There are 2 protein chains.
Amino acid sequence: MPPAERSTRDRVLDAFETLLVTQGSRAATLDAVAAQAEVSKGGLLYHFHSKDELVDGMLTRLREQGARDAAAMSEAPEGPVGYYLETSVDSGSDFDRALIAAGRIAQENDTRASNALADLREGWFVVLREHLGDESLARTIQLIGDGLYFDDTTGLAEKNALQHVRDVLQRLGAL
Amino acid sequence: MPPAERSTRDRVLDAFETLLVTQGSRAATLDAVAAQAEVSKGGLLYHFHSKDELVDGMLTRLREQGARDAAAMSEAPEGPVGYYLETSVDSGSDFDRALIAAGRIAQENDTRASNALADLREGWFVVLREHLGDESLARTIQLIGDGLYFDDTTGLAEKNALQHVRDVLQRLGAL
DNA sequence: GGAACTGTACCGGCTGGACGGTATAGTGGA
DNA sequence: TCCACTATACCGTCCAGCCGGTACAGTTCC
């Protein structure tokens, strides 16, 4: 039996995220999303009655992915800090894509998206602080992760950035 | 004599940036920019013949502001690192606004904007590395600055973030 | 068992409004 | 008289959202 194929609903959300990430929110029109998902516009609107509902659907899925990620982080064999830094650079995973997409929406002054992102960040911070027992260090590492993430999503990524960060964090005994 | 009033051209660019920052690129329409600048649409198009020219005008002004900022950074009394971190949080200056606005444009896959931002970042990095004589530390500090900036522009800013960073950087002897 | 009906999943055409851009006539100040 | 605008009227395109329809798998009732 082949793996269960992705539902139309999921394919529509995938398409929405992909367009947001690669082309920006101006390009993520309902027509474009439908075309990318290989669904008619009517089919898209059957699953999501409005663009707003499409955003809601995306953020709901993001929160689910985020909860799984925080759990994986606290149990990672390389430790939470290593896991956090590695996953702050865009690996092209579904979760990364969803995260970047939500960032695009948040910038349109959408509080639903901002709240979802803030909640995700808080989840990571809790794991970092508990592991390190040092609030300043935890906050600083989180900022470094944000920086890695920002550079990555703005096309400013430095090849060796992660290596430089590891070097500095070793001096601090955080890795 | 009151301060020389801002030229219409500058007011249009200000308005464009303000809309990009506060509402996102979808909201930065020519009509909206004209209204925000208190200029007629015809007046706007008198100065910038197209939306593309408006973007070019904004990026040109940004590069000028950036050159001045890098110079100020290398001569700052509190040192380049302190100056860099302070100015990474959005102080609401014209330069901050221009920077955030360019980020919005860069996300629409506009290479002009990406190039402008990359050049600005390179300018800051050169100053940091020369001052610190330590590439890893310079890169890491730049990432922290990016993180501060990202959080600020996404509404995720932590009140005491800067204090935590100072604490950690003091342990590293970078401040 | 089969006709009548229901719910689900989708297609594709349409409309009204917004947007980028053009055009043009007019105005006030240097 | 030019420059720097304002005001208004358009045009073509794009976009969100709506609607009528189709296909088809189940269910109900006789």
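Computed from heavy atoms alone, side chains included, the values below leave out hydrogens, waters and symmetry copies. Since the structure is predicted, the reported quantities are computational estimates derived from the model, not experimental observations. Numbers restart at 1 for each chain; the letters A, B, ... are given by sequence-line order, proteins then strands.
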Starting from the C-alpha separation in whole Å, work towards a yes-or-no answer on side chain to side chain contact (heavy atoms under 4.5 Å, CB included) for A:Phe16 and A:Val55.
CA-CA 9 Å; A:Phe16 185 38; A:Val55 171; 4.1 Å; yes
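- For the pair A:Leu13 and A:Leu54, the minimum side-chain heavy-atom distance is below 4.5 Å.
- Ion pairing between a basic and an acidic side chain is recognised when a charged N comes within 4.0 Å of a carboxylate O; B:Asp52 and B:Arg112 show such pairing.
- OP1 or OP2 of C:dA18 has not a single side-chain nitrogen or oxygen of B:Thr29 nearer than 4.0 Å.
- Applying the 6.0 Å contact sphere to CD of B:Glu38 captures no more than 12 heavy atoms from other residues, nucleotides or ligands.
- Residue A:Asp31 contributes atom CG, which lies 15 Å from atom C1' of C:dA18 at whole-angstrom precision.
- Running 5' to 3' along DNA chain D, contacts with non-hydrogen atoms of chain A at under 4.0 Å begin and end at D:dC15 to D:dC18.
- The stretch residues 37-53 of chain B touches DNA chain C through B:Lys41, B:Leu45, B:His49, B:Ser50, B:Lys51, each having a heavy atom under 4.0 angstrom from the strand.
- Classification of B:Arg129 and B:Asp134 as a salt-bridged pair fails, no side-chain N sitting under 4.0 Å from a carboxylate O.
- In this structure, B:Arg26 reaches the sugar-phosphate backbone alone: every heavy-atom distance under 4.0 Å involves primed, P, OP1 or OP2 atoms, never a base.
- Using a cutoff of 4.0 Å between basic side-chain nitrogens and carboxylate oxygens, A:Asp14 and A:Arg61 are scored as salt-bridged.
- Salt bridge absent: B:Glu108 and A:Arg104 never bring a charged side-chain N and a carboxylate O closer than 4.0 Å.
- Side-chain polar atoms of A:Tyr83 and A:Asp69 form a donor-acceptor pair below 3.5 angstrom.
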